[in-house]
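To start, the structure itself, in structure tokens.
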Amino acid sequence: WLQFSEVRPYTNAFIRQEGKILLGYKKRGFGKDLYNGFGGKLDPGETSLQAAERELQEEAGIQAKLRECGTLFFVDEKIAWAFHIHVFTAETFTGEVTETEEMRPQWFATQPAEETTDPEIAKLPQIPYSQMWADDVYWMPLLLSKTKFVARMDFASDGTLRKWWAAKEVQ
Ligand code: 6OG
């Protein structure tokens, strides 16, 4: 496993509703051209919840009472510190989902089209794992199954995923 002595806090937020999840296509910066939840770095003095709600507003134009549902550690051979991502979720929101300079929000189906009776859900594209970070396919199922989770993903310097584990939280 890669070693690190510092972690830096980030947020990532997902709106999940019956049969669907809201992702954003990142138009610029880190993770450009990939779909992800909405999030970013904590500002000085902010809690992770405050940062998550601010980023959701800034990147998707909506407000939600988020709750923490997971913890991710990303480690990169080329970076001396690890990303500590506080993952948040909510089922409801206020405001209108809006494209911003940074993100283009889009709904995706969380189950195969043949397994839904809702024609609106059947029309949605499936979660685009081939256009997401390589780690997402391993922890997204835990997010979708509504269990809290912790996961660690170690990337090699060529960007490939080298080693990972993901665990659900059981009380
Ligand atoms: P800004 O720095 O643009 O926020 N993030 C990652 N998300 C996934 N799924 N996999 C990774 O693998 C990631 N590394 C960073 C954290 C960056 C956003 O991207 C997330 C933040 O939500 C390495 O403000």
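Order of appearance sets the numbers: ligands from 1, and atoms from 1 within every ligand. The analysis underlying the following values was restricted to heavy atoms, covering all of them including side chains, and did not include hydrogens, waters or symmetry mates.
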Inset, instruction - Verify the distance criterion only: is there a donor paired with an acceptor across the side chains of Thr160 and Asp158 at less than 3.5 Å? - result: yes
Inset, instruction - May I ask you to check whether Phe83 and Phe30 place their ring centres under 6.0 Å from each other? - result: yes
Inset, instruction - Using a strict cut-off of 4.0 Å, indicate which atoms of ligand 1 neighbour a heavy atom of Thr11. - result: 21 (C), 22 (O)
Inset, instruction - Starting from atom 17 (C) of ligand 1, locate the nearest protein heavy atom and write down its residue, its atom name and how far away it is, to 0.1 Å. - result: Phe30 CD2, 4.1 Å
Inset, instruction - Would you mind listing which atoms of ligand 1 come within a distance below 4.0 Å of any non-hydrogen atom of Ile85? - result: 16 (C)
Inset, instruction - Could you check atom 18 (C) of ligand 1 against the protein and tell me its nearest heavy-atom contact, residue, atom and distance included? - result: Gly39 O, 4.2 Å
Inset, instruction - Note the single closest protein heavy atom to atom 8 (C) of ligand 1, along with its residue, its atom name and the distance in Å. - result: Trp133 CD1, 3.2 Å
Legend entry - Closest protein heavy atom to atom 2 (O) of ligand 1, given as residue, atom name and distance to 0.1 Å: Lys41 NZ, 3.6 Å
Inset, instruction - Please write down residue, atom name and distance for the protein heavy atom closest to atom 11 (C) of ligand 1. - result: Phe74 CE1, 3.2 Å
Inset, instruction - Kindly say whether Leu34 contributes a backbone atom to a donor-acceptor pair with the side chain of Gln131 at under 3.5 angstrom? - result: no
Legend entry - Geometric N/O contact Asp135 with ligand 1, under 3.5 angstrom: yes
Inset, instruction - Please confirm whether Lys26 comes under 4.0 Å of ligand 1, counting heavy atoms of the residue only. - result: yes
Inset, instruction - Measure the shortest side-chain to side-chain distance between Leu23 and Phe14 over non-hydrogen atoms and say whether it is less than 4.5 angstrom. - result: yes
Inset, instruction - Fit a plane to each ring of Tyr35 and Phe108, take the angle between them on a 0 to 90° scale, and name the class: parallel (under 30°), tilted (30 to 60°) or perpendicular (over 60°). - result: perpendicular
Inset, instruction - List the closest protein heavy-atom neighbour of atom 4 (O) of ligand 1: residue, atom name, distance to the nearest 0.1 Å. - result: Gly40 CA, 3.4 Å
Legend entry - Min N/O separation Asn36 to ligand 1 under 3.5 Å: yes
Inset, instruction - Please tell me if the side chains of Met153 and Trp133 come closer than 4.5 Å, counting only heavy atoms from C-beta onward. - result: no
Legend entry - No-hydrogen, no-angle side-chain donor-acceptor test under 3.5 Å, Tyr25 and Asn36: no
Inset, instruction - Examine Glu55 against ligand 1 and note whether any of their N/O atoms are separated by less than 3.5 Å. - result: no
Inset, instruction - Could you label the plane-to-plane angle of the Phe74 and Phe155 rings as parallel, tilted or perpendicular, counting under 30° as parallel and over 60° as perpendicular? - result: perpendicular
Inset, instruction - Just let me know how Phe155 lines up against ligand 1, side chain, backbone, both or neither, with a heavy-atom cut-off below 4.0 Å. - result: side chain
Legend entry - Any donor-acceptor N or O pair under 3.5 Å, side chains Glu59, Thr100: no
Legend entry - Atom indices of ligand 1 within 4.0 angstrom of Asp136 heavy atoms, with elements: 8 (C), 9 (N), 10 (N)
